[in-house]
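Inspection log for the structure reproduced underneath, given as structure tokens.
Basis for what follows: all heavy atoms, side chains included, without hydrogens, waters or symmetry-related copies. Source: prediction; values computed, not measured.
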Amino acid sequence: MEQEFWDYYFNQKNRAISFTRYYGDETAPQKISALLEKIIQLYSKKNIKKPLLIDVYNPKDTILYFIGDIHGAFFDLNIIIHYFEAMFREAQQQGKRMKCVFLGDYVDRNEMDIHTLLYLISFNLRHPKDVILLRGNHEEQRVNTSYGFKKNVKSRFRTNLYLDFARLFELLPIAAFIDSDGFNILALHGGIPINLEYPKQAINLRKTVLQNKFADIQLIDPISQQILWNDPIENLSKNLLYGPNFERGGSFYVFGPKIFSNFIKTNRVDMVIRGHQVFEQGFRYYFKNRFLSIFSARDYVNTSIQARVARLTYDRKDPRDVNVELLKITHLREYVK
């Protein structure tokens, strides 16, 4: 089934993809449901009670990619996937390993979001060991109700097909540690969680059991909620460790450099990479370049973005150091043949 969807999307060429038409036409709901069952089986095998742990055994021969919010930007995803397919072939020829970590927010705010997610799922199933889909705050039914994805599914297919998508969302990992002998990375969608009872005492995410196997955010544990929604802030008052996140309606939190510093020490992390926030330049560094935020859709709510993908390689002489390249998606169009 996944090969059929892969061929349909990857080999588009002269065929226009329309938000009103889907692979299989009259049988599209059944085919989509079967594809979702495949990806649900894949993520059912992963331990979602704790963040994923990805061990990089040979850092100097490993290439890591991180992709920020996509929000239904189908044609941007098409560019990214064509580029990745070329890079997978190149890595294999060179005897290297390559992994792609998507940081969440695949749907909503775009009428092409169903196609985008189906394409991404077929890519994940094509590379089940080397592509990771993390959960974003838009992989959640209340947000989907407000920002379009649920309506899109219900208006084009049978009503309960959305429930199959929701089953997938609740299984996606909330975060992933990428560990090596030298430089460790934490990938997540939003921000680091704050210990609200003892703010100076960082939460050890590696040892925390999470209760986030729910499609509804109100049923998810508070730590997972913060991971999906929190934001960094550089200029937090010196007297504050964190504060209410007014850009998110005041329901979640912003955290400053002190909490971030304690968190990365406790969790043995050298860098955090996330999505969640949109910047016209497509990225922003925080906290002395130890916290990277990236956005991977070129158009978002009628705003043009210099969308990026982060490419990270370990220094061949010193695996305790890394090289980070922020690739503009517009520069990758040549890979779409």
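Between F291 and F260, the ring-plane angle classifies as perpendicular under the 30° and 60° cut-offs.
For the pair R206 (side chain) and N267 (backbone), a donor-acceptor distance under 3.5 Å is present. A donor-acceptor pair under 3.5 Å is absent between the side-chain atoms of S261 and the main chain of K258, judged by distance alone. Side-chain atoms of T208 come within 3.5 Å of backbone atoms of N204 as a donor-acceptor pair (strictly under, hydrogens ignored). Checked by atom type and distance alone, the side chain of R274 never pairs as donor or acceptor with a backbone atom of I227 at under 3.5 Å. D315 contributes no side-chain N or O that, together with a main-chain N or O of D321, makes up a donor-acceptor pair within less than 3.5 Å. In terms of modelled atom types and a separation under 3.5 Å, the side chain of D270 and the main chain of N184 share a donor-acceptor contact. Not a single donor-acceptor pair under 3.5 Å links the side chain of E325 to the backbone N or O of L327. At distances below 3.5 Å, not a single donor-acceptor pair connects side-chain atoms of E111 with backbone N or O atoms of N152. Judged by distance alone, the side chain of S180 and the main-chain N or O of F183 form a donor-acceptor pair under 3.5 Å. A donor-acceptor contact shorter than 3.5 Å links the side chain of D105 to the backbone of N137.
Proximity of V272 to R290: side-chain heavy atoms (C-beta onward) are nowhere separated by under 4.5 Å. Between R333 and T330, the closest side-chain pair of non-hydrogen atoms falls below 4.5 Å. Side-chain contact check for Y43 versus N124: some heavy-atom pair is nearer than 4.5 Å. In this structure, L118 and Y23 have side chains that are not in contact, with every pair of non-hydrogen atoms separated by 4.5 Å or more. Within the 4.5 Å cutoff, the side chain of V254 has no heavy atoms near those of the F246 side chain. Between P51 and L210 the shortest side-chain heavy-atom distance falls below 4.5 Å. Side-chain contact between N144 and V107: present, with at least one pair of heavy atoms (C-beta onward) separated by less than 4.5 Å. You'll find the side chain of K99 stays beyond 4.5 Å of the side chain of V131, heavy atoms only.
The pair K31-D25 fails the salt-bridge criterion, with no side-chain N (NZ, NE, NH1 or NH2) lying under 4.0 Å from an Asp/Glu carboxylate O. Between R109 and D69, no side-chain nitrogen of the basic residue sits less than 4.0 Å from a carboxylate oxygen of the acidic one, so the salt-bridge criterion is not met. Contact check on K96 versus E90 returns no salt bridge, with no Lys/Arg side-chain nitrogen under 4.0 Å from an Asp/Glu carboxylate oxygen.
V309 is not connected to L188 by any chain of hydrophobic side-chain contacts under 4.5 Å among Ile, Leu, Val, Met, Phe, Trp and Tyr, and they are in different clusters. Under the 4.5 Å side-chain contact rule for hydrophobic residues, Y285 and I273 share a cluster. Using a 4.5 Å cut-off between side-chain heavy atoms of Ile, Leu, Val, Met, Phe, Trp and Tyr, with links allowed through other members, I174 and I54 fall into different hydrophobic clusters. Under a hydrophobic clustering in which Ile, Leu, Val, Met, Phe, Trp and Tyr are joined whenever their side-chain heavy atoms come within less than 4.5 Å, directly or via other members, L133 and Y162 fall into the same cluster. By the criterion of side-chain heavy atoms lying less than 4.5 angstrom apart, applied directly or through intervening Ile, Leu, Val, Met, Phe, Trp or Tyr residues, L103 is not grouped with F287; the two fall into different hydrophobic clusters.
The shortest non-hydrogen separation linking W229 to H276 is O-NE2, 3.0 Å. L312 approaches I185 most closely through the heavy-atom pair CD1-CD1, 3.7 Å. Nearest heavy atom pair, residue K288 against residue E234, reads N-OE2, 4.5 Å. Minimum heavy-atom separation, E139 to R135: O-NE, 2.9 Å. Closest approach of P173 and L52 over heavy atoms only: CG-CD1, 3.5 Å. Residue M98 comes nearest to F84 through the heavy atom pair CE-O, 3.6 Å, listed as atom of the first residue, atom of the second, then distance.
The number of heavy atoms from other shown groups lying within 6.0 Å of CD (E247) does not exceed 12. Within a 6.0 Å radius of CD in Q94, more than 12 heavy atoms belonging to other residues, nucleotides or ligands are found. Atom CD of Q92 is surrounded by 12 or fewer heavy atoms from other residues, nucleotides or ligands within 6.0 Å. Within 6.0 Å of NZ in K46 there are more than 12 heavy atoms belonging to other residues, nucleotides or ligands.
Of the options M87, R89, H82, a side-chain contact (heavy atoms from CB on, under 4.5 Å) to E85 is made by R89 and by none of the others.
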Review point. Can you list the steps and then say if I32 with F165 is a side chain to side chain contact (heavy atoms under 4.5 Å, CB included)?
Key: CA-CA 10 Å; I32 292 172; F165 284 105; 3.9 Å; yes

Exercise for review: Could you please spell out the steps behind the side chain to side chain contact (heavy atoms under 4.5 Å, CB included) verdict for F88 and C100?
Suggested key: CA-CA 10 Å; F88 269 123; C100 305; 4.1 Å; yes

Practice item. For the pair Y83 and Y65, evaluate ring pair (Phe, Tyr, Trp, His ring centres under 6.0 Å) and give the outcome as yes or no after the intermediate values. Key: CA-CA 11 Å; Y83 169 71; Y65 288 93; 5.8 Å; yes

Review point. Please walk me through it: do L292 and I294 pass side chain to side chain contact (heavy atoms under 4.5 Å, CB included)?
Key: CA-CA 7 Å; L292 172 61; I294 56 175; 3.8 Å; yes

Practice item. For F74 and Y9, run ring pair (Phe, Tyr, Trp, His ring centres under 6.0 Å): C-alpha distance rounded to whole Å, both residues' side-chain angles, the deciding distance at 0.1 Å, then the answer. Key: CA-CA 10 Å; F74 177 87; Y9 288 121; 5.6 Å; yes

Review point. Would F19 and M112 satisfy side chain to side chain contact (heavy atoms under 4.5 Å, CB included), going step by step from the backbone distance to the final call?
Key: CA-CA 5 Å; F19 71 90; M112 293 291 286; 3.7 Å; yes

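Outside the 6.0 Å centre-distance limit, the rings of Y106 and F149 are not counted as a close aromatic pair. Between F263 and F255, the distance separating the two ring centers is not shorter than 6.0 angstrom.
One finds the CD1 atom of I79 at 11.0 Å from the CD atom of E334 (value rounded to the nearest 0.5 Å). Atom CG in L326 sits 11.5 Å away from atom CD in Q306 (nearest 0.5 Å). Note that the NZ atom of K154 and the CG atom of N160 stand 10.5 Å from one another [nearest 0.5 Å]. We find the CD1-NZ distance between I305 and K328 to be 12.0 Å, quoted to the nearest 0.5 Å. The CD1 atom of I70 lies 8.0 Å from the CD1 atom of I329; values are rounded to the nearest 0.5 Å. We find the CD1-CG distance between I217 and N212 to be 10.5 Å, quoted to the nearest 0.5 Å.
Side-chain N/O atoms of Y242 and N230 include no donor and acceptor closer than 3.5 Å. If you check the side chains of Y147 and D113, you find no donor sitting under 3.5 Å from an acceptor. The closest side-chain donor-acceptor pair between N110 and H71, if any, does not fall under 3.5 angstrom.
Taking the ring axis of Y22 as reference, the NZ or CZ atom of R156 does not stay both within 45° of it and closer than 6.0 Å to the ring centre.
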